[in-house]
Structures are given as structure tokens and as C-alpha cells.
Amino acid sequence: MIDNLVIVESPAKAKTIEKFLGKDFIVKSSFGHIRDLSKKNLGIDIENNYTPDYIVSDDKKSIVKELKDLAKKATTVWLASDEDREGEAIAWHLYKVLELKPEKTKRIVFHEITKDAIQNAIKTPRNIDENLVNAQQARRILDRLVGFELSPILWKKVKPSLSAGRVQSVAVRILVEREREIMSFKSESSFKLSALFKTHKGDDLKAELEDKIKFQKETIDFLNKCKESTFKISDVAKKPGKKSPAPPFTTSTLQQEASRKLGFSVAQTMAVAQRLYEAGRITYMRTDSVNLSTLAIGAAKKEILKEYGEKYLQTRNFKTKTKGAQEAHEAIRPTFFGQSTISGTDQERRLYELIWKRTVASQMSDAILEKTTITIDISNYNKKFIASGEVLKFDGFLKVYFESFDDEGDEDMKGLLPSVNVNEELKYQLINATQRFTHYPPRYTEASLVKKLEELGIGRPSTYAPTISTIQNRGYVIKEERPGVDREYVVLNLQNNKIIEETKTEITGAEKNKLFPNDIGIVVNDFLVDHFDEIISYNFTASVEEEFDEIADGKMIWNKMIDKFYKPFHKKVESTLETSARSVGERIIGIDPVSGKNVTVKIGPYGPMVQIGNKEEEEKPKFASLQRGQHLESITLEEALELFKLPRAIGSYENKEITVAVGRFGPYLKHNSEFFSLKKTDDPLKIDLNRSIELIEEKRLKEKMRLIKTFSEDQGIQVLNGRWGPYIAYNDLNYKIPKDKNAAELTYNDCKLIIETTKASTSKKKKTKASPAKKTKVVAKKNSVKKSATKKSSTKKK
DNA sequence: CAGTGAGCGAGCTTCCGCTTGACTT
């Protein structure tokens, strides 16, 4: 017999809580949700008031069985899932699936894992909040309806296996719209003027003209005027200022800072944070709360007093401003403030230190600044030069932590200014005019996209990283770097009353680790905007969230809310299926000078492609795939025609021909019936014999390195180098080599032992041959000729 | 895995949020 069974969501949490509660309590974890809508059809009985069909998923069956057995033996079952909509639903599903008795079931909540909080929770149990559960069911069902009705439309109208959903489709939309903004952005230039003066004490003073000057002629006029001008200080203003620390980390701000400061992807950040959490180093890493427990603030206080002294202490309570935050947990913080650093991998250490610093800094004093502004009059011009400086009077929290921002501009004007007096006259040493260009709005990184989604209230801490992965896996967007282009700019220098003009070159538009929409992402987005603008609008989530809140407050019935949404939505789904044309981003880009036929681009079954002629004609059309960096919207006729020069013979090596072509997996070389992939930087249209031989030799070398050793006793056993480190291959099965063993020193008997004692993983090589790609039949009987604003030509006519 | 852009037309894909391993070459 068991006295008390407590069920929480996370196993690491279970371990901690068990310590607080003592031996009368067994604490187990449900590992998140234990069941979900069936995947057969919709998993929802539309005809029957949207009754959900819940199924315990395969990977949860053993957990459910274990919990059920324990619950039978327990006197009291405490459902301690998180205090938010999803947590309430988990409690309810547990109650149903474990067939708990109302009289022996208690629902408790706590949003910090401290002994006090937990013991308090045990003293104040409540019942499951059915309204909140219904709000979750409405959320779940709405997402299923949207996802499982929109995706199949894309399979029919664009390409199989695509997906759409309330969250991912908006994420893609944000990127596509930003890309269009960038494409249509017209950069304008103007001249930024800065001057270097000499004070009468002989100090340097750098100042900037308050406005930029638009044209070069005006700029030269201004510089000519400066020749005869006197410069006089008209004002010296000192203003106190302060900086306050940022709040402790949430999931989203942690992802942003780890991206900026450490260069982590959002998935990487979450994986490292998970390890820190499991090792008991930090609190839970999926949270939207900036709140710290009183215990944590106390511990931070102690640490600050010890390390920095009273002057640096200023405890604070931060309030969450994020739309739709549910605050079931604390902010992400160290569990022990006494450890400012930990042992672990390099990544773990760096992320931990970031969290430690941010949390400690959040409880420290403001930094005190003094800003100085010096105004300099120009005797025969009505604009002024301004020198501004900033001096740190007291560092406060900056001693520990400094927050980064995405758009960190030039900080050349910061620092201490020399002491000067009003009415003092200055001598110029140099006045410089540099042509500057307005910059298009920045492209998104993974982390800045998460920030944007959070601002819109779309997605949750547990889904940010998976959403970012999904839109990349579907091919809608790609994270990559792109080289910039050279741009000339003019520099004018006035020195010794002479103006010298120079033209310089800079690289502009280079991007690193940015998200770019692919053609398929653009086509899918345009299709969804055309037909389901409301669902993928930026405020759709916010407006349904309001309704979920009303359900949670008991002011709205969940299936009525769903019905109100579903009826018109489903009608739109059906009419779209019936009437809309196939949408493949087709565009006629010109006429082939050789055949006189139309050259068109569109999304083909294998991705973006270009085509000469069309099916209806007697002669079959010719096809070619677009290459990296080429886009349906922007490819020119010349570039397209180039693609038909493949496959191309490059020369011969070892008496065999080398040819280059583009296949299903990108550009490749063929030599002696072997294939060699080209690198990202190689252009199949330009690659020469030398580079080709280099690639061939490189692959051969890699093949050689793959084999670490074999044994004369049994040629079937091979020790190989793989993507995840060395492993043993034997009988088409693979075996991991234990970490404490050195692969190169393994003996035959060692290998036999590993094979016998460790679990094998199947090698993928033996998989059944992939069936050729197939296309779903187009249902549209009549192609209504549609024209969207962005497509330059109409789709096919019949 | 490697030159396709379809045919008779099965049978498959897909959502968002909660949680971790198991698994991959």
C-alpha cells in the first residue's frame, strides 16, 4: 500500500520534489501529455458536437500502465501538473485514463519548486478546473482542424507532404513579407558629416553635424562654407542618466541572447539548457515568466552582498508583459547562486554563466551615467555640430552583465569628452563627409523570429524551437549565409582648406545565419494568403486566445466556439478545393531564341524548375532544376537558358570521362560510374577539371578514413568512423562503442564482446527501395485564371 | 539515391503543446 502518489509532468522535477516531501510520498512523472487526438482522419467527431477521440500514444503506454498500477494502490493521488491550460488538461486526462476516484484525487499547483511552496500546495488542494480543461480542448481541436484541413489542400494544389498550421504558417508569412520588403527596398544615400576639432587646450573633440546632407553638390557647398567659418561652442549640457538591468531569462529571451552572445541556434540552446536542468544546475527552461521566487531573490541577494557589497544590491520584482503568458514556472535561473561557474562541456559552461550573470544582474543596482552634449555653432551655416559623450559614474549591474541587441549601431560617439567652455572657439583639423546608404529592414535570425512570434502571442515556450525546425524541414525556409556585393561610396575630406574627393568600396548585404524563404515557402504562403488570409493573419491567434479565455472563465461553451469557427472555415476549404487553380508559382520569363518556344519557371515535383515549351506541343518540353541562389521570382531568361547546358563534359581523368550534372540531390560529378557531390560553393556551370579531380580525391580519402580497422579473424567485423563517432558494423547491424574505449585500440575480442553485450541499431542501407515520387491528381476541373499581385503572369489557360 | 518532370491509381503525408529518450552512419 502507498499513502500518497504525486504526479508531475517532468521526471527531473519529480526527483527534486520527492526530496522535499519525505517517504510518505511517491513522486512520478507523466512525461507531458499522455494522450492526444487520434491521427486517423481528424480525430474529431464533427457530426457529434466535435467530440474528441483521444488515444494513448504508443510511447506513453508503459508510463500509463505504471501510473495506473500505482494509483490503484495509493490512498491519495495528487495531480501536480503545471498551473496553466495545458497542465490542467494533463491533470484531467490523467484523472480519466487512470480511472481515479474523485474522493481520493486531489489537484495541487505550485509555480516554484521550493519546499515551502510544495508543502503549502499540499495544504490547499482543489478540484480540476473543468472550464480551463475545456479551453485547452478547444485550443487543441482548433489546431487540429486548421492543420488537418489546410495541409491536404496544399497536397493537391501545390505539392504532396506539405503542411500548414496556425503557428508555422504565420512564421513563414513573416519571413516572406520581410523578404518582399527587402526586395522592393530602394536604398537612398546621403552624406554624414563629422568633424575633428582642436580645443584651445589642445584636446581633440569629435562632433557630428545634426542632420545629414542629401546630395554631393550641397555637401561640397557646405564644406566650402566651412573654409571661411568660425566654430564656437554655444552650449555644454550635462544630464544624468541611468540604465536598469534586464529581467531574468524566459525561454525566448534566453534563445535570443544565446544566439547573439554565444552564436547558438535555438535548438542548440534548448538542448544545452535541458542538460543543465537535468543536472540540477538551472530551473525549468521552458517558461514565459520573468518571476523569481522569494527564495531565489534571497539567494541572489546573499551572493551580491558577498561578492560586490551593499552598494550593488537592488532587489526587484519583474512583471511579465508578454501577450498570452501563462506563467506556470519561474524565470530561468541558477538553482545555486553560489556557483558562478560550473564544470561541464564548453557549451554548458557558457550557457550557465550567461544565465547566472543575467539573473544576478537583475537584482543589482542601476548603472549611473552622465551624458554630455556639446553644441558647436557654425558662423555662416544654420546647422550645428553636436558632440555627445557618456561617462559611467557607477557601474552597478554592468559589473556583471550587459544585454545585447540585434540592431547595435555605431558607437563611435561614446566616451569621455574634453573639458571646454561656452563661447570657446574651436579650430577644425578635419571635416569628413562620407556617403551613407539607408539599409533595408534586417532579415530574421531564428532567435529574432522567435521574438517576433512571442510579441504576436503565437506559439509557446515549448514550441518555439520545434516550429523553427519544422519550417526549415518542410523546405519553406533555409538558414544560410549569403555573400554581399561591392558598393562604391564617396568620401570628401576638408583639410587645410582643401577638399579631397575619394571613391571607396565596401561590401554590403552580406548575411550570416539568416532565414531566407525558399520558392516553395513563397508559393505556399501566397496560396494561403489568397484563400485563408484570416487564419494566417498576425492577430488570428490573439483573437482565438480571447475566446479561449472566455471558455476558461465559464462565459463561453467550447463546442459552440469551435462550431462558430468551423462552419465558415470548412465551407472555404471545400470551395477552395473545388475552384482554385493549381498554384505552382508559374511565370513565363521569355522566349527561347533557339526554338522560339516559351520559357517558364514553376515548382515541379522535384522543386523549382525551368521548362522550355509545353506538354501540349508535339515535341516534349525540356526541363532543368533551378540552382541554389536562384529564385522563381527573380531568375532571368539568360540565367535560365544557361541551365540547359548541363550535363556537361569536363574532361578526362584516369582515362575516364568526368561529366557534371544536377540531380535529385543537387549538382554532382560522374566519373567511372561513381558519383561525387559538388560543394555549396562550386558552380556546376563553371567547375573545371582541376577542381573536379580535387573533389574526387577528397571523397576517396574520406572513404579511406572511414575504415578504422578490420580483423583477420573475421572480415565481417568493421570498425568505422561515422557521423556520430566510431562504431562497429557487423551483419548489417551497427553497435555503439562505449565512451571509455578507444576505437583504434579495440581488439577482435573487444569487438565480439561489444556486439554481444550492446543493443544494435539497424543500418539504413537495407531499406526498401524508395518508390518513385508520385503526383496527386489535380481535382480542379476548371482552372479559373487567377492572378495574384506578385505573379507577373497568369497561370496556365485551358 | 543519381538523368525524373507520368499513367491505372492505391495509400501516404499534416496540426500544436506537454515531456524525454531512442535512434541515426
Side-chain angles (χ1 to χ4, degrees), chain A residues 8-13 29-37 39 42-43 59-60 63 81-82 84-87 89-90 93 136 139-155 159-169 274 277-278 284 286 328 458-464 466-467 470 474 541 602-607 609-611 615 620-625 646-647 659 661-670 673-677 706 720-727 729 734 736 759-765 767 769-777:
Chain A
V8 296
E9 291 181 36
S10 147
K13 202 164 157 182
S29 144
S30 73
F31 293 78
H33 274 295
I34 50 161
R35 61 176 185 174
D36 189 16
L37 296 174
K39 287 223 195 193
L42 275 180
D59 54 332
K60 291 294 165 64
I63 293 154
S81 44
D82 296 345
D84 60 12
R85 198 163 64 201
E86 296 297 327
I90 289 174
H93 282 302
Q136 191 276 347
R139 197 283 302 155
R140 179 68 191 91
I141 286 165
L142 179 111
D143 281 336
R144 171 55 69 84
L145 290 171
V146 169
F148 275 37
E149 297 223 343
L150 286 187
S151 300
I153 305 180
L154 298 178
W155 305 344
K159 219 179 97 158
S161 301
L162 295 175
S163 66
R166 175 177 58 82
V167 174
Q168 59 168 284
S169 296
Q274 174 89 31
Y277 168 66
E278 281 167 11
Y284 198 57
R286 289 185 276 263
I458 298 173
R460 303 278 312 131
S462 67
T463 60
Y464 294 138
T467 301
T470 299
R474 296 268 176 275
T541 292
K602 66 177 179 186
I603 302 254
Y606 303 104
M609 62 179 228
V610 54
Q611 174 177 345
K615 278 206 302 259
K620 268 190 107 179
K622 289 198 281 184
F623 303 97
S625 289
L646 295 173
T659 53
V662 178
R664 168 90 180 79
F665 303 97
Y668 65 92
L669 299 170
K670 198 171 167 187
S673 356
E674 276 191 276
F675 298 95
F676 306 88
S677 289
R706 204 170 87 91
L720 300 170
N721 246 328
R723 240 208 301 176
W724 293 280
Y727 67 101
N734 298 326
K736 210 176 205 158
K759 229 170 82 184
S761 56
T762 46
S763 92
K764 225 182 169 183
K765 284 239 172 92
K767 234 181 65 177
K769 208 175 70 186
S771 56
K774 282 159 196 182
K775 206 162 77 183
T776 31
K777 215 170 119 189

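This structure is a prediction, so every number in the text was calculated from the model and none was measured. Throughout, a chain's letter reflects where its sequence line sits, starting with A, and its residues are numbered from 1.
With hydrogens and angles disregarded, a donor-acceptor distance shorter than 3.5 Å links the side chain of A:K60 to the backbone of A:H33. For the pair A:T463 (side chain) and A:G459 (backbone), a donor-acceptor distance under 3.5 Å is absent. A donor-acceptor pair is defined here as one N or O able to donate and one able to accept, closer than 3.5 Å; such a pair exists between the side chain of A:S151 and the backbone of A:A164.
As judged by a 4.0 angstrom heavy-atom cut-off over every strand, A:R144 is placed among the base-contacting residues. At a threshold of 4.0 angstrom between heavy atoms, the contacts of A:E149 with the nucleic acid are absent. Within the 4.0 angstrom heavy-atom criterion, only backbone atoms of the sugar-phosphate kind lie near A:Y284; the bases stay farther away. Among the atoms of the strands shown, base atoms are found under 4.0 Å from some heavy atom of A:T463. Residue contacts for A:G32: at a heavy-atom cut-off of 4.0 Å it reaches a base atom on one of the strands shown. Contact annotation for A:D82: backbone-only contact, meaning every heavy-atom pair under 4.0 Å involves sugar-phosphate atoms and none involves a base. Using a 4.0 Å heavy-atom criterion, one finds that A:Q611 contacts no nucleic acid atom at all. Among the atoms of the strands shown, only primed sugar atoms or phosphate atoms (P, OP1, OP2) are found under 4.0 Å from some heavy atom of A:L162.
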Annotated structure of DNA chain B as dot-bracket, pair cut-off 3.5 Å, Watson-Crick or G-U only, | for inter-strand, is .........................
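Side-chain atoms of A:S163 and base atoms of B:dT14 include no donor and acceptor less than 3.5 Å apart.
Under the side chain to side chain contact (heavy atoms under 4.5 Å, CB included) criterion, A:F676 pairs with A:L669, A:H671, A:E674, A:I696, A:K699, not counting sequence neighbours. Residues satisfying the side-chain hydrogen bond (donor to acceptor under 3.5 Å, both in side chains) criterion with A:Y284, sequence neighbours excluded, are A:R286.
A stacked arrangement is assigned to A:W155 and the six-membered base ring of B:dT13, with a centre-to-centre distance below 5.5 Å and an interplanar angle below 30°.
Taking every heavy atom of both residues into account, A:T541 and A:R166 meet most closely at OG1-NH1, 3.2 Å.
Comparing A:E278 and A:R140 by the nucleotide of DNA chain B that holds the closest heavy atom to each, the one mapping nearer the 5' end is A:R140.
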